[in-house]
Amino acid sequence: MKPAITYELLHVCKQTGARRGIVHTPHGDIQTPVFMPVGTQATVKSMTPEELKEVGAQIILANTYHLFLRPGHELIKEAGGLHKFMHWDRPILTDSGGFQVFSLGALRTISEEGVEFRSHLDGSKQFLSPEKAMEVENALGADIIMAFDECCPYPSTYEYTKKSMERTTRWAKRCKEAHNRKEEQGLFGIIQGGFYKDLRKQSAEDLIKLDFPGYAIGGISVGEPKKEFLDILNYTAPIMPENKPRYLMGVGTPDYLVEAAMAGIDMCDCVIPTRLARHGTAFTSKGKIVVRNASYERDFNPLDDECDCYTCKNYTRAYIRHLVKTNEILGIRLLSIHNIKFLTNLMDKVRIEIERDNLGSFRKEFYRKYGYEQ
RNA sequence: GGGUAGGUGGUCGAGUGGUUAAUGGCACCAGACUGUAAAUCUGGCGACGAGAGUCUACGAUGGUUCGAAUCCAUCCCUGCCCA
């Protein structure tokens with residue numbers, strides 16, 4: 001049986017150890033390292049699939065929990081699967097609902113069997129387990145599906161993190177057993193263990209034994225200081241299998257994306273470009289700007305004079321500020337287009353610099369220009 | 001001309017004798033946002049001052065009172081109804 005997801009390593013940056021590769025999926029190849037925009041409810045908010053392609057999105061995310069609640073996975077299956085339902089023919093990755101165990105903390109109860117949620121939509125009781133998550137993800141039909149895990153809050157005690165990590169491993173095993181579309185969908189395991197290295201090691205080893213076609217790092221980038229994030233990232237990435245995709249969940253900002261690539265990560269996702277867009281903020285090569293602010297009222301320059309996106313080619317900061325201030329949908333759309341393109345452009349550069357064995361130097365220059373501390 | 005309702009901080013609008021520089025909403029100013037309960041949330045928003053604080057404020061003027069945006073008098077203005 002040919003696995004649904006395979007990884008091809010093209011080059012390792014001699015300067016940093018970063019990986020340049022390809023993830024092969026049933027809906028085409030993904031050049032890595034890659035940034036994946038998030039479309040929780042089967043839509044990257046305000047963007048059409050054509051626009052997503054235009055800004056360089058190779059793969060997008062959707063969410064099991066949200067689509068399970070509404071419109072329901074059966075309906076999407078009936079529609080012919082998620083790709084067809086949302087008119088996106090490139091790869092899709094579905095998250096399992098594990099992040100909602102974290103983000104809906106006040107609305108759920110965890111047991112060995114699974115997680116009971118109070119629906120944030122109508123308060124009704126809902127239940128997600130490894131088996132249920134697989135049923136939903138199989139019905140949605142994404143190329144890459146994530147195991148049902150628990151993303152622990154920061155900080156969490158060693159005892160709790162250990163128990164949670166071990167349970168996540170047991171859940172991963174149950175996911176693997178319940179997953180019944182292995183030829184069409186690759187199931188990734190999620191390494192947990194919070195901010196404790198021995199737990200990370202344990203989690204990675206146990207999951208590797210289960211032989212998933214790809215692995216993710218979960219449970220970081222949850223509010224911790226950057227130093228701790230880097231510490232766990234740089235500890236965990238190298239102990240992940242070399243011949244399979246490595247996915248860092250929930251990242252991120254431009255600096256985190258560069259750090260992830262440096263650490264040998266292949267895939268990242270984050271809501272931040274689209275969320276910042278809706279909140280009136282833009283990434284630029286000289287740092288992020290809150291274009292909603294009064295200082296841009298008469299700024300007739302593009303968001304970023306180095307950007308080649310549709311927004312920057314045609315609109316000024318002053319106009320976008322006007323759209324944001326007047327609550328016009330176009331402001332959100334133009335900022336979303338720009339912010340996603342900014343991150344996909346960044347990853348384009350990262351891939352080139354890896355091939356040139358120059359990612360470390362690129363990072364230094366990027367940080368300097370962006371205004372990040374080295 | 002007669003009657004009637006009203007004039008509150010950028011705006012709309014509460015408050016109808018004393019913890020009132022004055023509830024709220026909007027506008028405005030700023031901050032946050034990392035596997036999306038998020039086109040959201042948080043803070044600020046009379047003047048001067050770093051701050052403690054000081055001053056000026058509820059149409060105008062005068063009055064009652066220990067004390068008034070709140071009570072009284074006169075005046076000015078606005079909406080509506082009648083002529």
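Keep in mind it's a predicted model, so treat the numbers as computed, not measured. In the text below, chain A, chain B and the rest are named by the order of the sequence lines, each starting its count at 1.
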Using a strict 4.0 Å threshold on nitrogen-to-oxygen distance, state whether D211(A) and K176(A) make a salt bridge.
-> no

Ion pair check, K286(A) and D305(A), cut-off under 4.0 Å | yes

At 4.0 Å (heavy atoms only), tell me whether [X] reaches a base, stays on the sugar-phosphate, or touches nothing.
X	value
S119(A)	nothing
R292(A)	base
C268(A)	nothing
Q41(A)	nothing
L121(A)	nothing
N327(A)	sugar-phosphate
I332(A)	base
L93(A)	nothing
S46(A)	nothing
K226(A)	nothing
G219(A)	base
Q192(A)	base
D269(A)	sugar-phosphate

Donor on one side chain, acceptor on other, N293(A) and S295(A), under 3.5 Å = no

Does a donor on one side chain and an acceptor on the other come within less than 3.5 Å for R118(A) and Q126(A)?
-> no

Rounded to whole angstrom, note down the C1' distance from U78(B) over to U64(B).
-> 28 Å

Is there a Watson-Crick or G-U wobble partner for [N] with both distances under 3.5 Å, and which nucleotide is it?
N	answer
C33(B)	none
G53(B)	C48(B)
A14(B)	none
U20(B)	none
C71(B)	G63(B)

From the options L199(A), D198(A), T157(A), select the one residue that forms a side chain to side chain contact (heavy atoms under 4.5 Å, CB included) with K162(A).
-> L199(A)

Option among Q192(A), M165(A), R108(A) that satisfies the side chain to side chain contact (heavy atoms under 4.5 Å, CB included) test with E150(A) = R108(A)

Residue whose closest nucleotide on RNA chain B lies nearer the 5' end, I329(A) versus M146(A) | M146(A)

Want to settle it: does V290(A) or Q100(A) sit nearer the 5' end of RNA chain B, counting the closest nucleotide to each?
-> V290(A)

Do the numbers put R363(A) on top of the ring of Y367(A), so that NZ or CZ is under 6.0 Å from the six-membered ring centre and no more than 45° off the axis?
-> yes

Please say whether the positively charged group of K163(A), taken as NZ for Lys or CZ for Arg, lies over the ring of Y158(A), i.e. under 6.0 angstrom from the six-membered ring centre and within 45 degrees of the axis.
-> no

Start and end of chain A contact along RNA chain B [non-hydrogen atoms, under 4.0 Å] = C28(B) to U40(B)

